[in-house]
Amino acid sequence: MNVLKKRWAAAAAAAAGLVLLTACGSGGSSGGSSGGAVTLGFAQVGAESGWRTANTKSIQESAKTAGIELKFSDAQQKQENQISAIRSYIQQKVKVIAFSPVVESGWDTVLKEAKTANIPVILTDRAIDSPDKSLYKTFLGSDFVAEGKKAGEWLTKEFGSATGQVNIVELQGTTGSAPANDRKKGFADVIAADPKYKVVASQTGEFTRAKGKEVMEAFLKSQPKIDVLYAHNDDMALGAIEAIEAAGKVPGKDIKIVSVDAVKDGMQALADGKINHIVECNPLLGPQLMDLVKKVAAGEQVPARIETKETEFDQASAKAALPQRQY
């Protein structure tokens with residue numbers, strides 16, 4: 001009988017512990033203090049570029065420094081992989097879910113599941129286009145429209161005195177993704193003010209070096225005159241440089257290049273004069289993200305939108321920044 005009593009007491013204590021954990025999960029306690037570290041489920045887009053690799057490293061290192069237990073998945077640029085990773089995090093009852101969405105649309109169902117499970121969601125780097133803003137706590141990332149505008153403003157200054165038509169080719173990012181949509185829009189808005197600027201070809205290079213090279217090869221064959229390449233990221237610009245050189249042209253001179261990111265390889269190409277201008281998009285979001293994870297896990301209010309600090313680079317500033325460049 002004593003044995004039975006002991007078992008019953010142990011079961012009751014375990015049940016009480018579960019109630020305590022459930023209360024934490026609803027955001028009423030201080031970020032996982034009942035059971036050690038805060039657990040973060042992070043669903044990454046993939047490893048498609050130098051930028052993304054640096055972003056992943058920043059998140060992994062910052063989680064370790066912050067004492068946050070990280071469950072990490074790589075979606076290999078497929079939305080269905082990210083959705084199944086998020087569902088797995090919900091089943092594992094992580095404290096917070098964060099992800100960088102592959103594309104903008106199609107997230108409402110899975111995010112409603114997270115909301116029902118009382119698991120707060122943070123968007124990093126890329127936004128979603130859902131009208132239901134209650135599905136996530138905050139969005140930490142760059143203003144991609146502003147990045148596109150900066151690229152367009154550089155172009156209009158660089159070719160301001162040109163008298164004839166300025167032929168532009170554009171290497172877009174992943175179709176349907178927030179950076180591709182917004183960088184295209186910001187750039188188009190600026191150049192629309194003067195009809196001499198004409199985008200003669202625009203196609204996705206999927207944010208990768210290999211695809212950037214392949215699409216640029218096609219542009220060079222189909223377009224008799226290209227004055228400027230606008231690349232939505234450095235990796236595609238670097239692939240395009242290979243194609244331009246293979247076609248016997250000089251990148252940075254025969255075809256001017258403006259791109260977005262400012263990763264080390266891109267900055268080196270800028271310092272070497274093969275790229276003419278880079279608009280920065282900072283991948284080192286880890287420290288800011290972990291700060292947000294702790295706050296939302298503890299049920300604290302956070303701003304709905306947090307922008308990362310960024311700049312622009314010409315050849316001289318790229319040379320100056322390169323020795324300290326972390327990514």
Side-chain angles (χ1 to χ4, degrees), residues 42-63 72-78 99-102 124-126 140-142 144 147-148 150-151 170-175 177-180 182-183 204-216 229-245 251-252 257-289 308-315 317-327:
F42 189 89
Q44 182 60 286
V45 174
E48 73 282 3
S49 61
W51 192 100
R52 188 64 56 194
T53 306
N55 179 242
T56 291
K57 192 179 173 201
S58 173
I59 287 159
Q60 289 170 333
E61 288 176 355
S62 301
F72 186 90
S73 66
D74 176 340
Q76 298 173 321
Q77 290 192 280
K78 292 186 175 70
F99 75 111
S100 182
V102 177
T124 77
D125 172 43
R126 299 177 176 187
L140 164 67
S142 307
F144 299 131
E147 289 170 356
K150 286 175 188 173
E170 179 179 29
L171 281 169
Q172 296 179 45
T174 307
T175 305
S177 70
D182 293 353
R183 285 172 188 162
T204 180
E206 294 168 8
F207 282 131
T208 70
R209 210 171 287 205
K211 193 71 179 173
K213 182 182 179 184
E214 183 189 313
V215 176
M216 191 67 200
L229 162 65
Y230 168 41
H232 287 193
N233 83 337
D234 290 347
D235 275 77
M236 292 189 293
L238 291 162
I241 285 167
E242 291 178 40
I244 292 165
E245 288 176 334
I257 300 173
V258 56
S259 79
V260 181
D261 268 0
V263 296
K264 210 168 212 170
D265 288 356
M267 294 281 275
Q268 188 60 59
L270 176 55
D272 295 342
K274 294 182 179 187
I275 291 177
N276 304 85
H277 193 78
I278 295 178
V279 178
E280 185 181 37
C281 182
N282 185 0
L284 307 181
L285 305 181
Q288 275 180 290
L289 175 60
T308 43
K309 291 188 179 80
E310 291 158 347
T311 184
E312 295 176 64
F313 294 95
D314 59 13
Q315 189 173 23
S317 56
K319 280 179 180 171
L322 261 172
Q324 284 80 41
R325 207 72 182 153
Q326 289 180 53
Y327 53 92

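Every heavy atom of this structure was used, including side-chain atoms; hydrogens, water molecules and symmetry mates were not.
Between the Ser177 side chain and the Thr174 main chain, a donor and an acceptor come within less than 3.5 Å of each other. Between the side chain of Lys264 and the backbone N or O of Arg325 there is at least one donor-acceptor pair closer than 3.5 Å. The backbone N or O of Arg52 sits less than 3.5 Å from a side-chain atom of Ser49, completing a donor-acceptor pair. The closest donor-acceptor contact from the side chain of Glu280 to the backbone of Thr311 lies under 3.5 Å. Panel note: side chain Glu312, backbone Val279; no donor-acceptor pair is recorded below 3.5 Å. Here the side chain of Asp261 pairs no donor or acceptor atom with the backbone of Asn233 at under 3.5 angstrom.
Taking the side chain as every heavy atom from C-beta outward, Ile278 and Val260 never approach each other to under 4.5 Å. Side-chain contact between Leu229 and Leu171 is present, with at least one heavy-atom pair separated by less than 4.5 Å. Contact check for Glu310 versus Glu147: side-chain heavy atoms found under the 4.5 Å cut-off. Inter-residue side-chain proximity for Leu289 and Phe42 is flagged as met; some heavy-atom pair is nearer than 4.5 Å. Residues Phe207 and Met236 have side chains in contact (heavy-atom distance under 4.5 Å, counting atoms from C-beta outward). You'll find the side chain of Ile241 reaches within 4.5 Å of the side chain of Ile275, heavy atoms only. Residues Asn282 and Ser142 fail the side-chain proximity criterion, which asks for heavy atoms closer than 4.5 Å. Between Trp51 and Cys281, some side-chain heavy-atom pair lies under the 4.5 Å cut-off.
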Practice prompt. Might you work through the side chain to side chain donor-acceptor pair (under 3.5 Å) test for Thr208 and Asp235, ending with a clear yes or no?
Written response: CA-CA 6 Å; Thr208 70; Asp235 275 77; over 6 Å; no
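The minimum heavy-atom distance between His277 and Phe313, with the atom names listed, is ND1-O, 3.4 Å. Closest heavy-atom contact between Arg126 and Pro179: NE-CG, 3.5 Å. Among all heavy-atom pairs drawn from Ala54 and Leu284, the shortest one is O-CD2, 4.1 Å. Nearest heavy-atom pair, Lys211 versus Gly205, reported as atom, atom and distance to 0.1 Å: CB-O, 3.0 Å. In terms of heavy atoms, Pro287 sits closest to Ser58 at CD-OG, 3.7 Å. Nearest heavy-atom pair, Ala237 versus Ile257, reported as atom, atom and distance to 0.1 Å: CB-CG2, 4.2 Å.
Under 4.0 Å is where a charged nitrogen must lie from a carboxylate oxygen, and between Lys78 and Glu48 no such pair does. Between Glu242 and Arg209 there is no salt bridge, since no side-chain nitrogen of the basic residue lies less than 4.0 Å from a carboxylate oxygen of the acidic one.
A 6.0 Å sphere centred on NZ of Lys57 holds no more than 12 heavy atoms belonging to other residues, nucleotides or ligands.
In this model, a donor atom of one side chain and an acceptor atom of the other lie less than 3.5 Å apart for His232 and Glu170. Using modelled atom types and a 3.5 Å distance limit, the side chains of Gln288 and Thr308 yield no donor-acceptor pair.
When the options Asp125, Asp74, Asn55 are evaluated for a side chain to side chain donor-acceptor pair (under 3.5 Å) with Gln44, the one that passes is Asn55.
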